[in-house]
Each structure stands twice: as C-alpha cells, then as structure tokens.
Amino acid sequence: MPTVSLYNTGGSYENLESESGIELRGSTIIPSGTEARVLVSTVSGYQHYFRNHGVQTYLAMDSTLSDFNGNVITFRTDSADMNFGIDTNVFTWPDDRIDSGGDTTIELTLLSVAGFRVDQNNATVTFQIFEDDTCSNPGEHTRNGNLVYQFRNGNFNDSCVCTTLAAVMAAYGESATYLKSSSNWRDDSTDYCADSPYQGLSSIDCTGNPLCTD
C-alpha cells in the first residue's frame with residue numbers, strides 16, 4: 001500500500017487570501033477527491049482562530065462557528081498537481097476580526113487518507129498562525145470594514161470594539177459635525193476599547209478635522 005505524509009511548508013496570516021502551506025505527500029500521486037482526516041489542536045495562543053465572524057457576542061444571525069479546536073476535520077483533496085503529492089487549501093484560516101495580542105501555534109496530525117498508509121514518522125506538524133488584526137489601526141485590512149474586537153481578561157463574553165471615526169460616519173451616512181451636534185439625543189452605548197482610534201460621539205473634536213463639515 002502506498003504511504004502518505006503530512007508536511008508544513010510555512011506559516012500563514014489569518015485571512016481568507018492566504019493558503020496555509022499544509023500539504024499531503026504520497027509515495028504515489030493522491031487522486032483528486034480522496035478522503036482524508038486530520039486532528040487539529042491548539043498548542044499555544046488564541047483558541048478560536050476557526051471562528052467565521054467577529055466574536056461570540058457579535059455573530060451575525062446567519063453565521064456559524066467553525067471551532068475545530070481539538071476536533072477531527074474530514075475533507076477531500078482538491079487536485080493532483082504535484083508529481084508525488086497534492087496541495088490542499090483546506091487549512092486556510094478565516095479572519096476572525098479579533099485582536100488577540102499574539103500569534104497562535106496549532107498542531108495537525110494526519111489520521112487517515114483513503115487508499116494510503118499514514119507514515120507515522122511524518123504524520124504530525126505544528127503550524128503558526130500570525131495575528132494580523134490591530135485595534136489601534138482597525139482599517140489596516142479592508143476586509144475587516146474598519147472594525148476589530150478585543151476580549152478583556154480572557155473573557156469571551158466581555159468584548160470591546162475598535163473602529164475609526166470615518167467608519168462610524170459611513171455607517172450613519174453623516175458628517176462628524178452632525179454626529180457631534182446630535183450626540184445629545186443619539187445613544188451610542190458601544191463599548192470602545194482603550195486603544196480604539198474612535199472613542200464615541202463625545203470624543204469627536206472638529207477643530208481642524210477635515211471630516212467635519214459646517
């Protein structure tokens with residue numbers, strides 16, 4: 001029976017555009033559509049890089065959690081484009097919009113590949129997921145919509161928001177002047193993080209601010 005191994009070709013930033021670099025390599029070509037099973041566990045760092053959206057308290061109504069921490073992922077290979085193996089992007093990390101404050105290391109162990117015997121000497125790899133969300137610059141990655149979250153004291157139910165004045169204006173469709181003048185009746189109860197560039201309506205200073213209009 002041919003053998004198959006798990007290889008790690010490098011780390012990845014946690015976003016939808018970057019493939020992980022995880023590969024299955026067989027002693028013979030692995031056909032497209034071959035079923036494989038991999039155990040995924042968090043070794044260190046943030047525990048929830050598999051979330052699809054936001055944070056626990058800010059999930060969209062139609063969103064789902066894909067938290068595979070310590071669980072088995074079953075997938076089918078997608079192409080046979082290597083001489084003795086196959087690339088797969090099944091381990092591409094979605095961006096979670098969370099500024100976790102550090103990177104995460106996960107461990108992947110190849111459990112089975114249909115039609116192949118797993119090489120136990122090359123069945124486990126560790127993989128680094130590089131954090132790329134920053135509360136102090138929430139607009140750095142446009143896919144985040146100028147919105148980043150933080151958890152406080154490790155409490156997944158206690159989160160704060162990082163955003164920019166421009167993002168708030170875009171959401172309301174109003175100028176900074178109007179937001180400020182309307183603050184006496186507009187209720188902004190959002191809990192902004194300490195290093196968020198925007199700290200709420202009362203924090204708007206229109207002195208020399210090009211975002212303000214008369």
Side-chain angles (χ1 to χ4, degrees), residues 11-20 42 44-69 89 92-106 128-214:
S12 174
Y13 287 94
E14 42 124 356
N15 62 66
L16 292 170
E17 294 84 10
S18 178
E19 291 190 7
S20 65
T42 303
S44 64
Y46 190 56
Q47 299 286 318
H48 294 270
Y49 269 104
F50 293 99
R51 291 189 184 279
N52 288 335
H53 304 280
V55 296
Q56 188 171 8
T57 54
Y58 289 90
L59 287 172
M61 292 299 293
D62 59 348
S63 64
T64 59
L65 292 178
S66 298
D67 188 353
F68 296 129
N69 180 31
N89 61 3
T92 299
W93 320 115
D95 181 30
D96 54 17
R97 288 188 176 184
I98 300 170
D99 177 11
S100 64
D103 302 331
T104 289
T105 300
I106 64 170
Q128 197 80 6
I129 305 173
F130 304 116
E131 172 65 89
D132 64 355
D133 295 304
T134 305
C135 180
S136 60
N137 189 12
E140 182 177 6
H141 303 287
T142 56
R143 64 179 179 276
N144 277 343
N146 298 297
L147 189 64
V148 169
Y149 301 99
Q150 284 183 337
F151 291 127
R152 285 173 294 197
N153 302 317
N155 186 349
F156 296 156
N157 291 311
D158 184 12
S159 57
C160 56
V161 177
C162 311
T163 190
T164 63
L165 173 58
V168 174
M169 287 171 49
Y172 283 113
E174 299 167 351
S175 69
T177 300
Y178 184 74
L179 285 175
K180 184 176 182 180
S181 64
S182 304
S183 62
N184 60 334
W185 57 265
R186 183 182 297 283
D187 178 24
D188 185 0
S189 58
T190 303
D191 192 358
Y192 296 100
C193 304
D195 47 348
S196 171
Y198 178 66
Q199 290 292 321
L201 297 172
S202 61
S203 68
I204 297 176
D205 181 5
C206 282
T207 305
N209 190 334
L211 296 176
C212 291
T213 58
D214 297 331

_Those residues that, when tested against Tyr192, pass side-chain hydrogen bond (donor to acceptor under 3.5 Å, both in side chains) (two or more places apart)_ = Asp188
*Does any pair with a residue in residues 163-207 pass disulfide (SG to SG under 2.5 Å), and if so which ones, sequence neighbours excluded?*
Cys160-Cys193, Cys206-Cys212
*So, do Pro138 and Pro197 sit near enough that their side-chain heavy atoms are less than 4.5 Å apart?*
yes
_So, using side chain to side chain contact (heavy atoms under 4.5 Å, CB included) as the criterion, who are the partners of Glu140 when residues are at least two apart?_
Thr134, Asn137
*asked:* Working to the nearest 0.5 angstrom, can you tell me the gap between Leu179 CG and Ile204 CD1?
replied: 5.0 Å
*State which residues pass side-chain hydrogen bond (donor to acceptor under 3.5 Å, both in side chains) with Thr207; sequence neighbours excluded, sorted by chain then number.*
Asp205
*Over all atoms of both residues, closest heavy-atom pair of Asn146 and Thr163*: O-OG1, 2.9 Å
*Please assess Val161 against Tyr149 for the test side-chain contact (heavy atoms from CB on, under 4.5 Å), listing each intermediate value before the final yes or no.*
CA-CA 5 Å; Val161 177; Tyr149 301 99; 3.9 Å; yes
*Can you see which heavy atom on Gln150 is nearest to which on Asp99, and at what distance?*
NE2-OD2, 3.1 Å
*Only pairs at least two apart or in different chains count here, so list each salt bridge (charged side-chain N to carboxylate O under 4.0 Å, His left out) that has a residue in residues 161-182.*
Glu174-Arg186
*Taking only residues two or more places apart in sequence or in another chain, which ones pass side chain to side chain contact (heavy atoms under 4.5 Å, CB included) with Ser203?*
Tyr198, Gln199
